[in-house]
Structures are given as C-alpha cells and as structure tokens.
Amino acid sequence: MPKYSFTCHWKECNELYDNVETLFEHLSDDHVGRRSTNNLCLTCYWNECGATAAKRDHLTSHLKIHLPFKPYICLKCRKTFKRPQDLKKHEKTHTIEHQGKSLIDEMK
Ligand SMILES: [Zn+2]
Ligand SMILES: [Zn+2]
Ligand SMILES: [Zn+2]
C-alpha cells in the first residue's frame, strides 16, 4: 500500500498528513476554529478559494470539496467512493461476479 500524504493548502500552512480525516480535523480545529475559543474563521483560505460561509458547519462541509474525501468504502476490495449510490452500484458488481451473468440481464 502506498502511503499518501495530504498537504494542507490553507494559506502558508503546508502541513502534511497521512490521512485525509486528520487533515480535515486539523482544518476544522486549527484554521476554522471555534466560537468558544474565539478563533472562528468563516472564510476559506484553501489555496485562493476565498469562499465565505455564514456558519461554521457550512464552511467545514465546504472544505470537503477541497479534500479527496471518499467516505464510502467497499469492504470487499477497499475501493472508495464519494457518494453512497456509487458504492451501492459498485457493490452490485461483486454480487454479479458471484452469481453469474443472469443478474445483469435482470437489471436491464
Ligand atoms: Zn493547515
Ligand atoms: Zn474553499
Ligand atoms: Zn469492491
């Protein structure tokens, strides 16, 4: 398995993370911040994005478009998908492999 590194492109940060979840946590905690810790930032400084949000969760969900987030994982082959419907569709290909081609005809 190759070890991927993910770079934080927020302003000059450039910190490296070996998985996207940790990078995302870093972004939400250190860059977006929180109202309670008085460092809340509602502007996206990922590269030159400049998008602004009205609420913290709007900005954090916006940030996901910058990250290679693929939360849906096929447990059979570890392939990852961004949308649940893509994973569902993919999982069907495993079922078809199992049950032969008759299923493909049924799905038409
Ligand atoms: Zn950073
Ligand atoms: Zn952005
Ligand atoms: Zn699979």
Side-chain angles (χ1 to χ4, degrees):
M1 278 281 277
K3 193 173 170 143
Y4 295 107
S5 33
F6 300 94
T7 314
C8 176
H9 291 290
W10 189 280
K11 289 184 183 166
E12 316 273 276
C13 179
N14 287 326
E15 276 202 57
L16 281 170
Y17 291 88
D18 60 8
N19 79 63
V20 71
E21 279 84 12
T22 330
L23 170 57
F24 181 67
E25 274 168 33
H26 156 74
L27 278 163
S28 352
D29 292 347
D30 300 342
H31 296 314
V32 179
R34 276 163 214 288
R35 204 179 292 278
S36 59
T37 46
N38 233 346
N39 61 348
L40 183 65
C41 164
L42 292 176
T43 304
C44 174
Y45 291 104
W46 187 271
N47 288 326
E48 313 248 290
C49 177
T52 51
K55 283 182 175 173
R56 186 179 192 273
D57 8 316
H58 294 181
L59 189 60
T60 50
S61 58
H62 160 83
L63 282 171
K64 291 185 182 171
I65 68 164
H66 297 304
L67 304 177
F69 241 109
K70 291 178 176 178
Y72 301 96
I73 299 174
C74 170
L75 296 173
K76 286 192 173 140
C77 67
R78 315 297 297 169
K79 242 182 166 221
T80 52
F81 300 89
K82 284 189 181 170
R83 300 180 308 169
Q85 58 264 49
D86 294 338
L87 174 59
K88 277 236 165 78
K89 222 189 259 170
H90 166 80
E91 279 175 332
K92 276 196 182 132
T93 63
H94 290 303
T95 328
I96 290 163
E97 274 166 27
H98 253 287
Q99 299 180 353
K101 285 200 170 155
S102 59
L103 250 182
I104 300 179
D105 293 322
E106 275 174 40
M107 281 163 59
K108 272 180 192 161

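Start at 1 and go down the list; that is how both ligands and their atoms are numbered.
Counting just the N/O/S atoms of H26, the one with the shortest distance to the Zn ion (ligand 1) is named NE2. The N, O or S atom of H66 with the smallest distance to the Zn ion (ligand 2) is NE2.
Note: angle at the Zn ion (ligand 1), from NE2 of H31 to SG of C8, is 110° (rounded to 10 degrees). Between the NE2 atom of H90 and the SG atom of C77, the angle centred on the Zn ion (ligand 3) amounts to 110° when rounded to 10°. Here the Zn ion (ligand 3) is the vertex; the SG atom in C74 and the NE2 atom in H94 give an angle of 100° (to 10°). Here the angle centred on the Zn ion (ligand 2), running from NE2 of H62 over to SG of C44, is 110°, rounded to 10°.
Under the 4.5 Å side-chain contact rule for hydrophobic residues, L27 and I65 do not share a cluster. Note on V32: it clusters hydrophobically with F6, by side-chain heavy-atom contacts below 4.5 Å among ILVMFWY residues.
With contacts defined as side-chain heavy-atom distances shorter than 4.5 Å, the pair L63/F24 qualifies. With contacts defined as side-chain heavy-atom distances shorter than 4.5 Å, the pair C49/H9 does not qualify.
By the 30° and 60° cut-offs, the orientation of the rings of H66 relative to W46 is parallel. Between H90 and F81, the ring planes lie tilted relative to each other; the angle falls in the 30° to 60° range.
Within the coordination shell of the Zn ion (ligand 1), defined by N, O or S atoms under 2.8 Å, H9 is absent.
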